[in-house]
Amino acid sequence: MSDFSEELVRPTTEDEQGETCVLSGTGMCFPWLQKHIETVGKTLVATGGKREKDFAQTTSACLSFIQEALLKHQWQQAAEYMHSYLQILEDSDSNKRQGAPEIIWRLGSEILYYHPKSSLETFNTFADRMKNIGVMNYLKVRSDLCDGGLFSSLWQISLQHALYLLHHGLLEDANRNLSQAETWRYGEKSSSKEVLINLIQAYKGLLQYYTWSKKKMELSQLDEDDYAYNTASQNMLNHSWKTSINLCALIQIPGVWDPFVKSYVEMLEFYGDQDGAREVLTNYAYDEKFPSNPNAHIYLYGFLKRERAPREKLISVLKLSIEKNMILHRKKEEHHKLGLEVLFGVLDFAGCTKNITAWKYLAKYLRQTLMGSHLAWVQEEWNSRKNWWPRFHFSYFWAKSDWKDDKTLACEKALVAGILLGKGICFIFFFSGHGF
Amino acid sequence: MDLEEAKEFKERCTQCAAVSWGLTDEGKYYCTSCHNVTERSKEVVNTEAIPNTKIQAINRGLKRKQKLEKGWDWYVCEGFQHILCQQADALQTLGVGPELKNEVLHNFWKRYLQKSKQAYCKNPVYTTGRKTAVLEDNPSHSDCDSAPELLSDFSCPSFVESGAESQPDGHARKPFSIIKAPQSEMASICSGSLDGVEYSLRKEKGIVKMSMPRTLAFCYLSLLWQRETVTLSDLLRFVEEEYIPYIHAFQQFPEEMKLYGRDKGIFAIESWPNYEDIYKKVIEVATFLDLPRFPDITEDCYLHPNILCMKYLMEVNLPDEMRDLTCQVVKVTGIGEVGFLTFDPVAKKTETVKYDVQAVAVIIVVLKLLFLLDDNLEWSLSSIAEKYNEDNKEDKPWFDFRKWYQVMKKAIDEKKQKWEEARAKYIWKSEKPLYHSAIDKPVVHKRREMVVNLQKQFSALVDSTPAVEKKSPSSFQFNWTEEDSDRTCFHGHSLQGVLKKKGQSLMTKNSLYWLSTQKFCKSYCKHVTTYEESNFSLSYRFVLNLFSFLLRIKTSFLHEEVSLIEKRLFKKKYNNKTKKKSSKSRKVRRH
């Protein structure tokens, strides 16, 4: 489901993003997400001991069948197995029962996202039901201290649900969802929860920004003496106040928050809070804790230019920006490394598996990196993926289906597979049978 | 979750429109029907009246009442009796004679009740403490009267005639007179049956307690007594394929036989029966019941190895001609003798023959005699057969091991895949949820409701094409008669390529043999060294896997049986010093 985040970024910032962007896309990283999945996985493994009941065997076999079906995009089969997998919610082992909602949500939302018979309504019902289960679990175990995970998973469901609604253009519903999620605040605070709740608020802010900027457009078309002008501007004022609260918390946290920062600054500027805007942008560009982000410098430069800042200052910022970019360019190899990272990241998403451009570039970059004898870079990216990419991308099933659908794609993938896995695997084997 | 305190909050829930609120620890309201948590906390209560407060009143009313369900008074042993009845009925529909239920199983069960002091005896276990006074009043009563409730029920023809259907009436007519223990203190430990709690705590030495797996032991013992054409692995497979009630058997209880609390642990099980486990229980139950020697297993019985071998040869698509060889092995090893085959629990025999496993092991031994299964000889013999078949298309074809392997591998893989899929799709949970205690009940019901809703949602996404019609039960899992180019039938193929004439008799061309196990434990445990897969040839592993899948047993279990047959067959080799590769040429006489 993670590809939602990408799709969301597009509609809200599409107008200017194209020119200003240096890297291949504005993105957000969810470092805690991986960690969370790992811990859930671990707790599931840890419960062992005496002979497993056949019931447990059924559910675990079911899980692997669903995963297999998802890998092969067989949504129908996956739904069939899901029917049986849901029994795990009634498992007498409370550990499994509590870990289950998250797994069910992940698998179920994936199925409902792609299944041809699924609809918006089905997805909404599913998300609501999963949230209910989350709340129920919480109410049941609230005496224990282990509730942190339950609520972050609730927030995750809400966030993903909202992104899904956005994807379908239902801004109002998405907003309602996020507001609802905000109200669930129980248990101890933890840093991972902090980021999640900030993210939820920030998305709410982004939605408010969207309405705000629509109103701004309307306003610009109205005459200043018009009777409607006053109410409209009053409206906008209200909005901006709420939005700034929602947005500013997130952008304090180190990370790449391009769309959020841009909209926040635009609003600050509109209401004449130039100092605030400058502070935000300076912080975003120069704070050491933030990952180096060329966009941040471009934003700052653009702001200063708009502000008609003195030439020297402009030049110094530009110099620095260029310097940074130059460093990037000069270290062309490092640029390659970043490129590899991005390409690998893109292809992690189920929605991008058939993206021919990504595969083409990955093949090219891999070749160049290996020729530049930076094997370590590839290894660094590959290590975390070698367990699942072969089945995710390079299975015999995909070889056959890609070959049928798109031969160029199949060839690019085969090339990458050959570099990453060597020639022995069946993916290549399939092609050697076709005269490669 | 204080419902009392949440009484004054009367707004409708934004999600489900119900007016039924509880309070969280933080003092916020949450909807008890959909678990939506509001932003409102207790201090800012809005007390405007809403006409729908009735809902809450009703909810609360139910809450008080639903503490424990009240149904008929029933005992755990009656539950098992009901299940045995269902199982016997199912066996009857599978074609087993009616005597099995009416005479054999009925008698075994009566004997069990007596031995476990539950009925048909003086001072049955249920009445101790409570009813001793009554007994003392009427010391002259026969033992039949000592447990009037139980006996009247068991000896009444209900079990014999139509079991399940007539039982409820029996209960309605004769309500039990035993006073139930006060329930107030049992709130957390409870049971729907009268003695569920007591029963789960009972740990008497020397008493075999009834359990779900033991119901199958009873079924098998009756089948064995009747010398029916059902082996233990067949029985368990029928259970798995749901021809015989087991996992969901308690769901067929009459509506008024409420099942909860401790009953859950007794009747609701979450595992399929396992061959080794049931086999052990069969012996245990038979010993406990002190059963006399079973009817003889003679050569015309289905369970005799000669007949079973023939059955399994057909099942796995091997040539009929192999039958002579299996008979030969049976004869040499002496496993076809009546004394060896007949089950006699009293005669201090702590085991009975695993008829099906043994027959299959004999076939494997014969395959080893013919083809050695060392990943070498079988393939060269196959090449010879293949060549011969090509040159002599008119003749009866020679058995080609390689071709057989290919056909069987495909067939078994498909079967296994289907089996795994069916297992993964199995629905374990009953429609009516079972709870441990009154506290647990609403949560369990809620959870059940959610699962049902979610399941509905996902089954709506599945194509509504009707599932493949359920096959009628059969003791055969494969059918090789059809003439299909893909599924060659090898029954008529000849073994000429692997046998050679020597005078009047035939000998196997192969004169080598390797033993599956080199050493047996010196002690009396008869334990065979464990099966380490990687130590064995691929074809042996394939054959072992094939047969153990058919019987749904562990490969190591079958390997053990093969070793035992070999031990009998090559007694001398074992008695002398065991060698790594003992060679032996064996004469096979043709009848």
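So that the names make sense, note that chain A is the first sequence line, chain B the second, and so on, each numbered from 1.
Rounding to the nearest 0.5 angstrom, the gap separating the CZ atom in A:F126 from the CZ atom in B:F458 is 4.0 Å. Note that the CD atom of B:E270 and the OG1 atom of A:T59 stand 9.5 Å from one another [nearest 0.5 Å]. Going from atom OG of A:S92 over to atom NE2 of B:H436 covers 7.0 Å, rounded to the nearest 0.5 Å.
For A:S84 against B:A424, the heavy-atom pair with the smallest separation is OG-O, 2.7 Å. Across every non-hydrogen atom of B:L461 and A:Q76, the tightest pair is O-OE1, 3.6 Å.
In this structure the side chain of B:L454 never reaches within 4.5 angstrom of the side chain of A:M82, judged on heavy atoms. A 4.5 Å side-chain heavy-atom check between A:I133 and B:M450 finds at least one atom pair inside the cut-off. No side-chain heavy atom of A:F55 sits less than 4.5 Å from a side-chain heavy atom of B:I247. In this structure, A:H83 and B:V462 have side chains that are not in contact, with every pair of non-hydrogen atoms separated by 4.5 Å or more. When side chains are defined from C-beta on, A:D54 does not count as touching B:Y426, because their heavy atoms never get closer than 4.5 Å.
Looking only at distances, a side-chain donor or acceptor of A:Q87 sits under 3.5 Å from a matching main-chain atom of B:W428. A donor-acceptor pair is defined here as one N or O able to donate and one able to accept, closer than 3.5 Å; no such pair exists between the side chain of B:S271 and the backbone of A:K53. In this structure a side-chain-to-backbone donor-acceptor pair under 3.5 Å is missing from A:E90 to B:R447.
Environment of NZ in B:K209: crowded, with over 12 heavy atoms of neighbouring residues, nucleotides or ligands closer than 6.0 Å.
Interface check for chain A: of the options B:R448, B:E420, B:R423, the most heavy-atom pairs under 4.5 Å are formed by B:R448. Contact count against chain B (heavy-atom pairs under 4.5 Å) is highest for A:L112 among A:L112, A:I88, A:I104.
Heavy atoms closer than 4.5 Å to chain B are found nowhere in A:S64, neither backbone nor side chain. Residue contact with chain B, scored on non-hydrogen atoms closer than 4.5 Å, involves the side chain of A:H115 exclusively.
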